[in-house]
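This report concerns only the one structure given below.
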Amino acid sequence: MTELNNASIAAAFDELGDLYELDGVVQYRVIAYRNAAKAVRDASVSVAELTRQGRATELAGIGKTLDEKLRALVETGDIPAAQKLRAKYPSGLRAVSHLPGFGPKRARRLYDELGVDSLESLRAACERHELRGIRGFGAKVEEKLLEVLDAGVDGTPEPRILLSRALTLGEQVVGALRAHPAARQVELAGSLRRMTDSVKDLDVIATASDPAALAAALTELSLVDSVGSAGENSARVTLHTGLKVDLKVVEPDQFGNVLQHFTGSKAHNVGLRELMVRRGLHISEYGILDDATGETTRCATEEEVYARLGLPWIPPELREGRGELQPGVELPELVTLADIRGDLHCHTVASDGRASIEEMARAALARGYEYLAITDHSASHGFGNHVEPAELERQIERVAEVNAALEGIEVLIGTETNILTDGAPDYDDELLARLDWVIASVHTSFGMGERAMTDRMVAAIEHPWIDAIGHPTGRKIETRAGYALDMERVIEAAARTGTMLEINAAPDRRDLDEIHAREAARAGVRILVDSDAHSARNFELLRYGIATARRAWLTKDDVANTRSWPEFAALRKRARAAAQGPR
DNA sequence: GCCGTTTTCGGCCCGACTGTTTTCAGTCG
């Protein structure tokens with residue numbers, strides 16, 4: 001049997017939550033399943049393994065009952081309660097309940113009264129005007145529903161947009177609005193401000209001398225394709241790219257409350273309100289109501305909001321309900337882009353990059369870097385753009401020449417060597433030993449089982465000349481899941497051998513992700529944040545790797561390439577082995 | 001179904017919007 005990963009366990013809990021909701025159980029029970037799904041999804045260790053060890057209840061939100069359900073899922077591959085409910089409610093009903101404006105209650109009513117059990121039977125019922133006879137439904141609902149069904153909406157969520165793309169657009173929108181004479185403050189909020197992997201839409205919060213004028217200004221931007229609404233203090237538009245933008249113009253004395261509210265996340269805000277209600281404070285986007293005095297406090301800044309709640313200001317990247325609100329928690333001083341002093345993963349024309357060694361080195365120098373490793377693809381890359389051993393010998397010479405010619409930066413000769421299916425690199429050790437730096441990545445045979453893939457990765461980690469693992473899970477955001485990997489074993493091996501693990505900053509990778517990076521750092525693994533630049537401009541992409549590092553609670557000290565070259569050089573596995581002398 | 005500076009029972013976040021209703025349930029963020 002294939003190993004149950006956390007994502008599939010979370011999906012099982014979400015499904016069971018939906019089914020219970022259709023069944024009409026008390027809402028808090030449904031919420032418990034949703035919370036459990038999030039806890040499993042956010043868990044940094046294998047929940048299946050945790051369950052087998054009898055430790056699943058250590059997760060917040062997993063109690064006796066959910067532990068039993070977990071055991072059934074791990075042992076049999078399914079949960080008996082889910083099987084029963086699936087037999088009771090046709091699978092098409094879940095799709096109906098996920099239509100816009102629909103939920104479990106309305107789906108259930110149509111099922112009970114009209115026998116609607118799929119999108120097809122729902123359409124038929126609409127066309128026969130049967131819905132208007134049901135309490136709570138009318139002609140308008142039928143009309144809208146047919147529109148939605150004709151548009152091909154099927155209840156599955158719309159694909160999310162990669163952060164890099166949304167942020168580029170968001171910064172253009174914000175820049176344009178800030179330039180407007182009526183604008184005072186203009187800030188991005190929402191998941192974009194939290195720097196999540198991808199976003200659904202874009203929230204902008206502003207203050208202005210003339211709110212209606214600023215709202216109108218948004219609708220007139222050349223980026224805008226269509227205007228949904230524009231009012232006295234808000235506007236909603238869709239950009240040419242399909243991204244929706246929501247602007248809210250608020251009073252300056254509540255800017256802090258609104259910005260905090262719309263930055264989220266939902267989990268953070270719910271957690272914050274639950275925590276504060278016990279202290280007699282009720283938080284909303286309009287202010288903080290104190291039970292004791294009956295007065296509502298409005299805050300001009302977010303700092304004031306958190307201060308009024310007795311908390312330090314929490315960086316947006318940490319607002320995910322992942323422990324940032326736990327009493328007594330010490331918030332880390334997060335790593336910043338300015339802390340980075342070198343990049344250990346980039347490509348040149350020798351493989352699939354666009355620039356020469358010198359161009360890359362000069363660009364790195366211009367960014368203020370103290371070191372740069374040239375790491376072209378190795379001999380079996382498989383996409384045509386690879387470096388044969390003889391070519392790598394010539395790269396060693398070229399890099400030495402550039403390094404000698406350039407003042408102020410250490411240009412390192414490295415490679416991004418492929419990890420073959422047995423875990424070996426695809427250059428021989430003698431050649432690898434002559435390099436300054438070796439990063440190793442999986443680029444082939446993604447389909448191996450978890451055991452074999454993990455063995456492969458651990459073997460690479462244990463290799464004496466492999467200094468770091470590049471994009472360790474191989475995931476592509478919104479496109480493909482990573483290959484099957486037991487990350488606990490990978491992290492343990494990396495910590496034991498002093499092998500670094502990368503946060504690859506390519507915006508569609510951000511791999512390691514924030515969950516694994518946080519766990520790796522906790523285990524004592526040195527984390528790299530690398531651009532994987534394929535052109536001089538690509539060094540800019542490092543900000544997305546830094547965003548992931550911050551979401552992983554990493555400090556400057558957790559990230560290896562915040563160090564000076566001499567300090568970093570000494571941290572490399574090859575340097576540590578040399579320091580220990582011959583074995 | 002979970003959980004505990006109101007702890008083993010009785011709570012469990014906040015407000016807007018929508019379409020249907022004469023006072024509100026359900027959905028959404």
Side-chain angles (χ1 to χ4, degrees), chain A residues 13 16-40 56-70 79 81 96-110 131-145 148 155 157-158 189-191 194 199-203 205 228-229 231 233-234 236 244 246 248 250 254 257-258 260-289 291 296 305 309-310 321 325-328:
Chain A
F13 278 165
L16 192 49
D18 280 2
L19 287 166
Y20 273 132
E21 204 170 26
L22 276 173
D23 206 37
V25 303
V26 55
Q27 191 59 23
Y28 294 113
R29 204 165 139 199
V30 176
I31 292 170
Y33 279 91
R34 304 259 154 85
N35 287 342
K38 175 177 158 50
V40 170
T57 53
E58 288 175 17
L59 292 170
I62 305 283
K64 194 160 165 275
T65 305
L66 269 74
D67 182 45
E68 276 171 30
K69 302 239 186 316
L70 269 175
I79 302 170
V96 172
S97 76
H98 287 156
L99 286 172
F102 270 65
K105 297 270 164 52
R106 288 162 75 79
R108 176 67 192 278
R109 170 151 276 172
L110 293 186
L131 266 59
R132 61 189 64 179
I134 310 296
R135 187 181 164 79
F137 294 82
K140 214 162 188 172
V141 173
E142 286 175 353
E143 205 177 298
K144 279 204 167 178
L145 211 39
V148 163
E158 300 218 350
S191 51
R194 303 197 314 278
V199 307
K200 190 163 67 68
D201 48 28
L202 217 144
D203 289 306
I205 312 297
S229 66
N233 44 32
S234 70
R236 167 172 287 217
K244 288 189 169 56
D246 238 328
K248 289 179 181 62
V250 303
Q254 59 175 0
N257 300 102
V258 179
Q260 193 284 324
H261 176 86
F262 282 98
T263 297
S265 63
K266 185 179 173 180
H268 176 79
N269 283 354
V270 169
L272 197 61
R273 291 186 200 122
E274 283 176 347
L275 187 66
M276 290 306 151
V277 86
R278 284 178 241 150
R279 302 185 195 170
L281 298 173
H282 302 273
I283 310 163
S284 80
E285 61 193 280
Y286 302 105
I288 301 164
L289 170 66
D291 277 341
T296 299
V305 173
L309 301 175
L325 295 172
Q326 246 153 44

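Using a 4.0 Å heavy-atom criterion, one finds that A/L272 contacts no nucleic acid atom at all. Among the atoms of the strands shown, only primed sugar atoms or phosphate atoms (P, OP1, OP2) are found under 4.0 Å from some heavy atom of A/P104. Here A/V25 lies out of heavy-atom contact (under 4.0 Å) with every strand. Within 4.0 Å (heavy atoms only), A/I31 reaches no atom of the nucleic acid at all.
Rounded to a whole angstrom, the distance from the P atom of B/dT21 to that of B/dA16 is 24 Å. B/dG11 and B/dC17 have their C1' atoms separated by 28 Å, with the value rounded to a whole Å. As rounded to the nearest Å, B/dT20 and B/dT27 have C1' atoms that lie 13 Å from one another. Between B/dT6 and B/dG1, the distance separating the two P atoms is 27 Å to the nearest Å. A gap of 24 Å separates the C1' atoms of B/dC13 and B/dT8, to the nearest Å. Nucleotides B/dG15 and B/dG10 have their P atoms positioned 27 Å apart, rounded to a whole Å.
With a cut-off of 3.5 Å on both pairing distances, B/dT8 has no Watson-Crick or G-U wobble partner at all.
At a threshold of 4.0 Å, the pair A/E285-A/K248 does not count as salt-bridged, since none of the basic side-chain nitrogens sits closer than that to a carboxylate oxygen.
A sub-4.0 Å separation between OP1 or OP2 of B/dG1 and a side-chain N or O of A/R29 is present. An OP1 or OP2 oxygen of B/dC2 is reached within less than 4.0 angstrom by no side-chain nitrogen or oxygen of A/Y33. The side chain of A/K266 contributes no N or O atom lying less than 4.0 Å from OP1 or OP2 of B/dC13. The side chain of A/T65 contributes an N or O atom lying less than 4.0 Å from OP1 or OP2 of B/dC2.
Nearest-nucleotide mapping onto DNA chain B: of A/S284 and A/F137, the residue sitting toward the 5' end is A/S284. Each of A/K105 and A/V270 has a nearest nucleotide on DNA chain B; the 5'-most of these lies closest to A/V270.
A/S265 places a side-chain N or O within 3.5 Å of a backbone atom of A/H268 that can act as its donor or acceptor partner. The main-chain N or O of A/T263 is never found under 3.5 Å from a side-chain atom of A/D203 such that the two would form a donor-acceptor pair.
Residue A/Y28 and nucleotide B/dC12 are classified as a stacked aromatic pair, their ring centres being separated by less than 5.5 Å at an interplanar angle below 30°.
Tested against A/R106 for a side-chain contact (heavy atoms from CB on, under 4.5 Å), the candidates A/L99, A/V141, A/I134, A/V96 yield a single pass: A/V141.
With sequence neighbours left out, A/Y20 forms a ring-ring contact (aromatic ring centres under 6.0 Å, His included) with A/Y33.
Closest non-hydrogen pair, A/D18 versus A/H98, comes out as OD2-NE2, 3.0 Å.
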Between N or O atoms, less than 3.5 Å apart, protein on one side and nucleotides 3-7 of chain B on the other: list the pairs.
{"unit_1": "B/dC3", "atom_1": "OP1", "unit_2": "A/G61", "atom_2": "N", "d": "2.7"}

For residues 56-64 of chain A, run the donor-acceptor check on the side chains, cut-off 3.5 Å, and write out each pair with its distance to 0.1 Å, sequence neighbours left out.
{"unit_1": "A/E58", "atom_1": "OE1", "unit_2": "A/R55", "atom_2": "NH2", "d": "3.3"}
{"unit_1": "A/E58", "atom_1": "OE2", "unit_2": "A/R55", "atom_2": "NE", "d": "3.1"}

